[in-house]
Amino acid sequence: MGDECVTVVEMSIGALEAADRADAVIRWLVDTGVIVPNPVRGSAWQPSAYLPGPQAPAAAPGFGGTDYTLANNGVDILVERELYRDTSPHEAPACPDCGHELAEATLEALIRPWLDGHEPRVGCAGCSAVRPLGEWPDGYLVGELAVRFNNWPQLSQAFLADLGTRMGPRWRAVREQY
Ligand SMILES: [Zn+2]
């Protein structure tokens, strides 16, 4: 069985702000008891910097019992410019206005420019609406700050919204499988 994560990615803030926001987000997650620092970080069983805390069920109500620490179910706060994509089964990126699909080759060609610089704006071949690449559903995202929950039960919408807002104005949650 593979590992499954939900990663919340912020797409609009720069590197310096990402570092500041990361500190604030960590403080909030620790203060509210959702996560605790991992005392033996880096082990194969628990490689993450943080583990589920005593209040983890407040974020993910599906946690059962009283000991929430299972194999590889820590939390990582990622502060580096990185590419993310939802890897759960999904449709090809389609225009939110007309449903026309964005060709995979077009998408692939835009990854490097976004990683190396600014977010590309992409016109729809169907209706010619133009939107930033990150606004195409099921496409790629590039962000400087992300919070990854490894193998957690489903996060509540209220928690996701609270976390996302603390990370920055433009965030998305993506599902990743390894
Ligand atoms: Zn369109």
Side-chain angles (χ1 to χ4, degrees), residues 1-26 28-29 34 48 58-62 73 75-178:
M1 202 189 86
D3 294 314
E4 190 169 302
C5 333
V6 168
T7 304
V8 183
V9 183
E10 212 294 334
M11 292 188 279
S12 69
I13 60 176
L16 288 177
E17 190 179 354
D20 285 346
R21 295 240 185 191
D23 289 343
V25 162
I26 291 168
W28 174 67
L29 287 170
V34 171
S48 296
N73 74 337
V75 174
D76 296 297
I77 288 80
L78 310 166
V79 190
E80 59 186 324
R81 192 171 184 83
E82 195 54 78
L83 177 75
Y84 299 92
R85 187 174 200 186
D86 201 306
T87 55
S88 58
H90 59 260
E91 309 290 319
C95 172
D97 289 336
C98 75
H100 192 92
E101 286 182 7
L102 184 63
E104 198 70 23
T106 306
L107 193 61
E108 302 281 340
L110 294 170
I111 293 172
R112 184 44 65 183
W114 191 359
L115 265 174
D116 288 349
H118 293 289
E119 180 179 7
R121 295 177 63 81
V122 187
C124 172
C127 70
S128 59
V130 177
R131 50 173 48 83
L133 184 53
E135 301 304 318
W136 285 80
D138 298 312
Y140 289 91
L141 307 176
V142 172
E144 304 273 357
L145 173 62
V147 181
R148 177 175 286 147
F149 296 84
N150 297 283
N151 296 307
W152 277 43
Q154 190 171 7
L155 298 167
S156 78
Q157 289 303 314
F159 172 76
L160 274 177
D162 203 348
L163 172 62
T165 305
R166 288 165 192 274
M167 292 171 66
R170 194 162 163 245
W171 59 274
R172 299 279 184 282
V174 298
R175 199 168 294 277
E176 302 174 304
Q177 278 156 332
Y178 293 96

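Both ligands and their constituent atoms are indexed starting at 1 by order of listing. Heads up: numbering here begins at 1 and tracks the sequence.
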Report yes if some heavy atom in the side chain of Arg85 is under 4.5 Å from a heavy atom in the side chain of Leu83; otherwise report no.
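Not in contact.
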Going by chain and residue number, what protein N/O/S atoms come nearer than 2.8 Å to the Zn ion (ligand 1)?
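Atoms qualifying: Cys95 SG, Cys98 SG, Cys124 SG, Cys127 SG.
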Set of side-chain hydrogen bond (donor to acceptor under 3.5 Å, both in side chains) partners for Arg170, sequence neighbours left out:
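With sequence neighbours excluded, Arg170 shows a side-chain hydrogen bond (donor to acceptor under 3.5 Å, both in side chains) to Glu119, Glu135, given in chain and number order.
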Return the set of residues passing side chain to side chain contact (heavy atoms under 4.5 Å, CB included) with Ala103 (not counting sequence neighbours), or none when no residue passes.
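Residues passing side chain to side chain contact (heavy atoms under 4.5 Å, CB included) with Ala103: Thr106.
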Could you tell me which residues satisfy side chain to side chain contact (heavy atoms under 4.5 Å, CB included) with Glu80, sequence neighbours excluded, listed by chain and number?
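For Glu80, the residues satisfying side chain to side chain contact (heavy atoms under 4.5 Å, CB included) (neighbours in sequence not counted) are Glu82.
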Looking at Arg131 and Asp97, does any basic side-chain N land under 4.0 Å from a carboxylate oxygen?
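Looking at Arg131 and Asp97, the cut-off is met.
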Please step through side-chain hydrogen bond (donor to acceptor under 3.5 Å, both in side chains) for the pair Asp3 and Asn151, ending with a clear verdict.
CA-CA 6 Å; Asp3 294 314; Asn151 296 307; 3.0 Å; yes
